Protein chains: 2
Amino acid sequence: MPEPRFRRRKEDRPQEITDAAMAAFAEKGYAATKVEDVAKRAGVSKGLLYLYFKTKEELFKAVVRSFVVPRIDELSAIIDAHEMSSEAFLRGPFLDFVKTLPGSPISILVRLMIAEGPKHPDLLEWYWDNVVSRGLSALTVLVERGVENGEFRPTVVNELPHLFVMPVVFSVIFKYLFEKRCPDTDKMIETQMDLLIAHMKGDKT
Amino acid sequence: MPEPRFRRRKEDRPQEITDAAMAAFAEKGYAATKVEDVAKRAGVSKGLLYLYFKTKEELFKAVVRSFVVPRIDELSAIIDAHEMSSEAFLRGPFLDFVKTLPGSPISILVRLMIAEGPKHPDLLEWYWDNVVSRGLSALTVLVERGVENGEFRPTVVNELPHLFVMPVVFSVIFKYLFEKRCPDTDKMIETQMDLLIAHMKGDKT
DNA sequence: TTCCTTACTGACTCGTAGGTCAGTAATCAT
DNA sequence: ATGATTACTGACCTACGAGTCAGTAAGGAA
């Protein structure tokens, strides 16, 4: 009795395909990646891929969602669990989380979003609502709580939580383009945090 | 005697074509732009375009170079001309120059470099040598001169001039992706400059 | 064992876009 | 004028990759 030529595994296929697609997109970018190659990587025929994902674009969107959601959940959990002062939280768990990003698959996603985002407005919309907006709000709350505590002064940073994320985005891009000449991203992220906290506390640094 | 169907204008064609290509790339991105459309925009046949640029990739590289070089020259001129303290220069001409970037065609180029850069390593090399490296060096010199003057303390910023450019790159990306929800980029750039100078001077802010 | 459902295959179509080239006409030299 | 040069045209070629579908075989039910 011969090995069957394939197994039917309806449950696992989508995940396997999005994983393969992620790897392919990471290497070549969206446009240069052939659907057939994704299928090959996933150990599946092109036809099957099209059974689970109507178009290449749908596949791309699914990839983004499937990689972002877990990280969001992770961050939410950290935020919900903490009972610290704002400064301690920013310098501790938040900094730790953020420092992992430039080396993680998330950085690939950021690149893909920059390269392909504007061609998929509904995806951008989703990304804004579920990632960016929520992240910025969380930061704002954190800073405001710090002000109420008397830890921080009210400053322009209250309206510009972007300043906390800036170095992450910058690092991702820089590392991607100039891998070899990239400065120590951890140091950059930490320094920026020092600057911001010193500013909010009105300290000399 | 009828109008001639075309004029021979060998000198002007390359510039006209790169301008057209820039506009097209800005709208659709590199991959989605058809060479024929670029030719149409430039008022020229596809065949002629291929006479001046061997491949689509060569065209892309030419576009990048033709748009970056003038801005480099501009910045060099500003730097050479000044006779100010480091702080005055950073807060004055440098800040002014940098604030123009997020709204200029340069921002399109940054996006293109991120999206397409790694597929053209020699272009990236050129970009590093002629833009990034030179810019960072200029900033380092400026900061070091400030330290020698006694304007600034020596700090970690000496080795991380990147912190000055961070908000520009971030603004460009953010504005591109989330146009509508983008915060005031000028304010972000100015705030970052305030943070850095306060830090280097050891002031309270 | 037999039959039915459906997860899966792979050869096919077809539009598209990068690149070519034989020919045409603008310009210049004589 | 006349011919030589070459900037320029546009129809053509070809590769390639997204998406389709008729058929195949795995796995469960009876």
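Values in this document were obtained by computation on a predicted structure and should not be read as measured data. Proteins come first, then strands; the chains are lettered A, B, ... in the order of their sequence lines, and each starts at number 1.
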Whether B:Phe164 and B:Phe94 hold their rings parallel, tilted or perpendicular, with breakpoints at 30° and 60°: perpendicular

Evaluate the ring planes of B:Phe25 and B:Phe60, with Trp represented by its six-membered ring, and classify them as parallel (under 30°), tilted (30 to 60°) or perpendicular (over 60°). perpendicular

In terms of side-chain geometry, is the basic nitrogen of [X] or [Y] positioned less than 4.0 Å from the acidic oxygen of its partner?
| X | Y | value |
| --- | --- | --- |
| B:Arg181 | A:Glu125 | yes |
| B:Lys99 | B:Glu190 | yes |
| B:Glu16 | B:Arg13 | yes |
| B:Lys61 | B:Asp122 | yes |
| B:Asp194 | B:Arg91 | yes |
| B:Glu74 | B:Arg71 | yes |
| B:Lys119 | B:Glu57 | no |

Whole angstroms only, please: what is the [atom1]-[atom2] distance between [X] and [N]?
| X | N | atom1 | atom2 | value |
| --- | --- | --- | --- | --- |
| B:Leu51 | C:dA22 | CG | P | 15 Å |
| A:Glu36 | D:dG19 | CD | P | 13 Å |
| B:Phe53 | C:dT20 | CZ | C1' | 18 Å |
| A:Leu49 | C:dC8 | CG | P | 12 Å |

Under 4.0 angstrom, heavy atoms only, what part of the nucleic acid is A:Phe6 near: base, sugar-phosphate, or nothing? sugar-phosphate

Base, sugar-phosphate, or nothing: which does A:Tyr52 touch, judged by heavy atoms less than 4.0 Å apart? sugar-phosphate

Check this one for me: any side-chain N or O of A:Tyr50 less than 4.0 Å away from OP1 or OP2 of D:dC21? no

Please confirm whether the shortest side-chain N or O distance from A:Arg5 to OP1 or OP2 of C:dG10 is below 4.0 Å. yes

Taking the six-membered ring for Trp, are A:Phe170 and B:Phe170 ring centroids under 6.0 Å apart? no

Counting only non-hydrogen atoms, which of residues 54-67 of chain B are less than 4.0 Å from DNA chain C? B:Thr55, B:Lys56

Going by heavy atoms closer than 4.0 Å, what residues in residues 7-28 of chain A are next to DNA chain C? A:Arg7, A:Arg8, A:Arg9, A:Lys10, A:Arg13

Please check if the number of heavy atoms outside B:Arg9 that lie under 6.0 Å from its CZ is greater than 12. yes

Tell me which residues in residues 40-48 of chain B put a heavy atom below 4.0 Å from DNA chain D, sorted by number, or none. B:Val44, B:Ser45, B:Gly47, B:Leu48

